[in-house]
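Just so you know, these numbers use all the heavy atoms, side chains as well, and skip hydrogens, waters and symmetry mates. Numbers restart at 1 for each chain; the letters A, B, ... are given by sequence-line order, proteins then strands.
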Protein chains: 2
Amino acid sequence: MKAQALHGHLDALLLAVLEQGALHGYAIIEALRARSDGSLDLPTGTIYPALRRLERAGHVASTWSTVNGRERRTYQLTDAGRRALAGERAGWHEFQQTVGRFLDPGSPPGTPA
Amino acid sequence: MKAQALHGHLDALLLAVLEQGALHGYAIIEALRARSDGSLDLPTGTIYPALRRLERAGHVASTWSTVNGRERRTYQLTDAGRRALAGERAGWHEFQQTVGRFLDPGSPPGTPA
DNA sequence: CCGAACAAGTAGCGTAGCTACACATGAAGG
DNA sequence: CCTTCATGTGTAGCTACGCTACTTGTTCGG
């Protein structure tokens, strides 16, 4: 799918994958790809800046660790991040309903309840 | 709702409102507001450029008319626009499902069918 | 006469995802 | 041994696109 359609919803996705457990950037990319059956194959240039945004916003916290001589930055959800995720979920549902009202089949304005 | 989340889906919305009949720009804005119960209150600076994009793309065609001394540009869906709308609908459903898989409650990866 | 609603439009801004690149290490293979 | 690939992180610059703010012009009501 056209990945650029994510605009504005990427943060929510990132928070959602981190909800299930802390992950490092590379693993997040793989998790998104796996959970979406390959639909979401996001480049590093999208993920890393997004994670830094989320960290600046206080929604995630990162810790460095070294695994097999490779530096890893592992991100975990903060309490604020969990709250933000709840908000993102609500926003997503509203967005989904609003757009769906135009794009989903059935129930154009004339249709009675 | 945060209107900027529309990113990438606005074209689909415009095509969808025009599907029900030709409208001029101002009326499109009002139609979007009405059909979304006020959630979508888009400024002219968003709509008019978007309509020109759609016209350049051949998805809509416009005709000028004068009503009560006021110039109106009325937009109607072209055949290509109708096809584009079908594609946008498909894309929307895929997008909705993909994002929903992360943001909707229930059915995290482990859950069996 | 003046302001509000109607109607169209542009210029410039900001956000945010994308492309393309750079850098480093470890494992695998010729 | 040396190259190549997977792992892992990161930045610079581009572009798309919606938003803010403004402009122009008409009709109508107070």
Side-chain angles (χ1 to χ4, degrees), chain A residues 1-15 22-34 36 39-57 59-60 62-75 84 88 91 95 98-99, chain B residues 1-15 17 22-34 36 39-57 59-60 62-75 88 91 95 98-99:
Chain A
M1 65 174 254
K2 299 179 298 179
Q4 69 274 28
L6 279 183
H7 243 288
H9 305 284
L10 176 61
D11 290 9
L13 292 183
L14 293 177
L15 295 176
L23 289 174
H24 60 282
Y26 199 85
I28 289 175
I29 293 174
E30 293 184 320
L32 286 166
R33 187 169 40 221
S36 67
S39 301
L40 293 174
D41 199 355
L42 305 181
T44 67
T46 291
I47 297 302
Y48 291 116
L51 287 170
R52 313 191 111 245
R53 264 205 316 273
L54 289 174
E55 188 167 28
R56 262 203 315 274
H59 295 162
V60 301
S62 66
T63 44
W64 283 97
S65 57
T66 305
V67 176
N68 282 340
R70 285 197 201 95
E71 297 278 297
R72 273 188 190 172
R73 185 139 133 184
T74 301
Y75 292 90
E88 295 277 10
F95 173 74
T98 303
V99 177
Chain B
M1 62 174 258
K2 298 179 297 179
Q4 69 274 27
L6 278 184
H7 242 287
H9 305 284
L10 177 61
D11 290 8
L13 292 183
L14 293 177
L15 295 175
V17 290
L23 290 174
H24 60 280
Y26 198 85
I28 290 174
I29 294 174
E30 292 184 321
L32 286 166
R33 186 170 42 220
S36 68
S39 299
L40 292 174
D41 199 355
L42 304 180
T44 67
T46 291
I47 298 302
Y48 291 117
L51 287 170
R52 314 192 110 244
R53 266 206 313 274
L54 290 174
E55 188 166 28
R56 264 203 315 275
H59 294 163
V60 302
S62 67
T63 45
W64 283 98
S65 58
T66 306
V67 176
N68 280 341
R70 286 196 198 95
E71 297 278 299
R72 275 188 186 170
R73 180 129 102 163
T74 302
Y75 292 89
E88 296 276 11
F95 174 73
T98 302
V99 177

Once you round it to whole Å, what is the distance between [atom2] of [N] and [atom1] of [X]?
| X | N | atom1 | atom2 | answer |
| --- | --- | --- | --- | --- |
| B:Leu40 | D:dC19 | CG | P | 9 Å |
| A:Asn68 | D:dG8 | CG | P | 8 Å |
| B:Ile28 | C:dC6 | CD1 | P | 16 Å |
| A:Asp41 | C:dT19 | CG | P | 10 Å |
| A:Leu32 | C:dC18 | CG | C1' | 16 Å |
| B:His7 | C:dG17 | NE2 | P | 9 Å |
| A:Leu6 | D:dA16 | CG | P | 18 Å |
| B:Leu54 | D:dC17 | CG | P | 10 Å |

Axial bend angle, the helix from C:dC1-D:dG30 to C:dG30-D:dC1: five-pair end segments, nearest 10°: 0°
Counting only side-chain nitrogens and oxygens, does B:Arg53 get under 4.0 Å of the OP1 or OP2 atom of D:dG18? yes
In Å and rounded to the nearest 0.5 Å, what is the [atom1] to [atom2] distance from [X] to [Y]?
| X | Y | atom1 | atom2 | result |
| --- | --- | --- | --- | --- |
| A:Leu14 | A:Glu88 | CG | CD | 10.0 Å |
| A:His24 | A:Tyr75 | NE2 | OH | 11.0 Å |
| A:Arg72 | A:Leu23 | CZ | CG | 10.0 Å |
| B:Thr44 | B:Ile28 | OG1 | CD1 | 12.5 Å |
| A:Leu51 | A:Arg73 | CG | CZ | 8.5 Å |
| B:Arg53 | B:Leu10 | CZ | CG | 6.5 Å |

Name the orientation class of the two ring planes belonging to A:Phe95 and B:Phe95 (parallel below 30°, tilted from 30 to 60°, perpendicular beyond 60°). perpendicular
Just wondering, do B:Thr46 and B:Ile29 contact through their side chains at under 4.5 Å, heavy atoms? no
Determine, for nucleotides 7-12 of chain C in 5'-to-3' order, which nucleotides have protein heavy atoms under 4.0 Å from the base (write B), from only the sugar-phosphate (write S), or from neither (write -). BBBB--
Using side-chain contact (heavy atoms from CB on, under 4.5 Å), reason through A:Leu13 and A:Leu42 one step at a time and then give a plain yes or no. CA-CA 12 Å; A:Leu13 292 183; A:Leu42 305 181; 5.7 Å; no
